[in-house]
Amino acid sequence: MAYWLMKSEPDVYSIDDLERDATELWDGVRNYQARNFLTSMTLGDLAFFYHSNTKPPGIVGLMNIVETNVLDPTQFDPASKYYDPKSPKDNPRWYTVTVGYVETFNTVITLDQLKATFTPDELWVVRRGNRLSVMPVEDGVAEKLLGMAR
DNA sequence: GCCAACGTTGGC
DNA sequence: GCCAACGTTGGC
């Protein structure tokens with residue numbers, strides 16, 4: 001079982017939205033490196049939910065992966081902001097996962113705390129200028145994060 | 001295949 | 001709202 005970190009702007013989709021919905025198709029990722037991480041996820045993997053573009057940014061909870069290699073339907077929807085007219089219908093570019101709600105942490109693990117605890121090599125989210133929205137988290141780092149959250 | 005222009009992300 | 005970082009696009 002692997003650990004991941006996935007970002008979302010809470011104004012767009014938050015941990016509270018996921019708690020309400022129970023599961024959600026994680027659509028709209030349009031970056032190849034992030035897509036490759038999504039397609040390498042397996043059932044039962046756990047993912048930290050990170051709120052970006054908010055005050056304070058940080059890890060707010062935990063999700064699990066309940067469905068893998070799901071076609072992202074928004075790539076074929078001209079009305080969607082994630083529409084990708086260059087994605088071939090017979091060889092779609094964008095696959096993702098369905099996530100399930102696991103828990104909301106009692107306190108946000110803020111970006112400041114993350115920077116104080118982990119090096120940029122240990123946790124990519126503290127890398128300067130990092131824009132990747134899906135990234136792996138090493139087991140040891142994940143266990144430390146769970147300890148900080150509880 | 002290079003690289004300038006452009007668009008987006010995301011912290012501050 | 002600003003702007004640094006950086007991925008993508010498109011002209012050549």
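Convention: sequence-line order gives letters A, B, ...; per-chain numbering from 1.
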Do A:Met1 and A:Val97 share a hydrophobic cluster, counting only Ile, Leu, Val, Met, Phe, Trp and Tyr and linking them when any side-chain heavy atoms are less than 4.5 Å apart? yes
When we call it a touch if two heavy atoms are under 4.0 Å apart, what does A:Lys55 touch: a base, just sugar-phosphate, or nothing? nothing
All N/O donor-acceptor pairs, side-chain side in residues 142-150 of chain A, below 3.5 Å, sequence neighbours left out:
from: A:Arg150; atom 1: NH2; to: A:Glu103; atom 2: OE2; distance (Å): 2.3

DNA chain B contacts among residues 109-118 of chain A, heavy-atom distance under 4.0 Å: A:Leu111, A:Lys115
List the atom pairs, with distances to 0.1 Å, where a side-chain N or O of residues 46-59 of chain A and a protein N or O form a donor-acceptor pair under 3.5 Å, not counting sequence neighbours.
from: A:His51; atom 1: NE2; to: A:Ile15; atom 2: N; distance (Å): 3.1
from: A:Asn53; atom 1: ND2; to: A:Glu9; atom 2: OE2; distance (Å): 3.3

Side chain proximity check, A:Gln75 to A:Tyr82, heavy atoms < 4.5 angstrom: no
Would A:Trp94 and A:Phe76 count as a close aromatic pair, with their ring centres under 6.0 Å? no
Residue set satisfying side chain to side chain donor-acceptor pair (under 3.5 Å) with A:Tyr3, at least two apart, ordered chain then number -> none
Using a 4.0 Å heavy-atom cut-off to protein, can you give one letter per nucleotide of nucleotides 3-12 of chain C, 5' to 3': B if the base is in contact, S if only the sugar-phosphate is, - if neither? -SBBSS-S--
Return a table of donor-acceptor pairs under 3.5 angstrom between the side chains of residues 18-26 of chain A and protein atoms on other chains or two or more places apart.
from: A:Arg20; atom 1: NH1; to: A:Asp17; atom 2: OD1; distance (Å): 3.2
from: A:Asp21; atom 1: OD2; to: A:Tyr13; atom 2: OH; distance (Å): 2.6

Any side-chain heavy-atom pair of A:Ser40 and A:Trp4 under 4.5 Å: yes
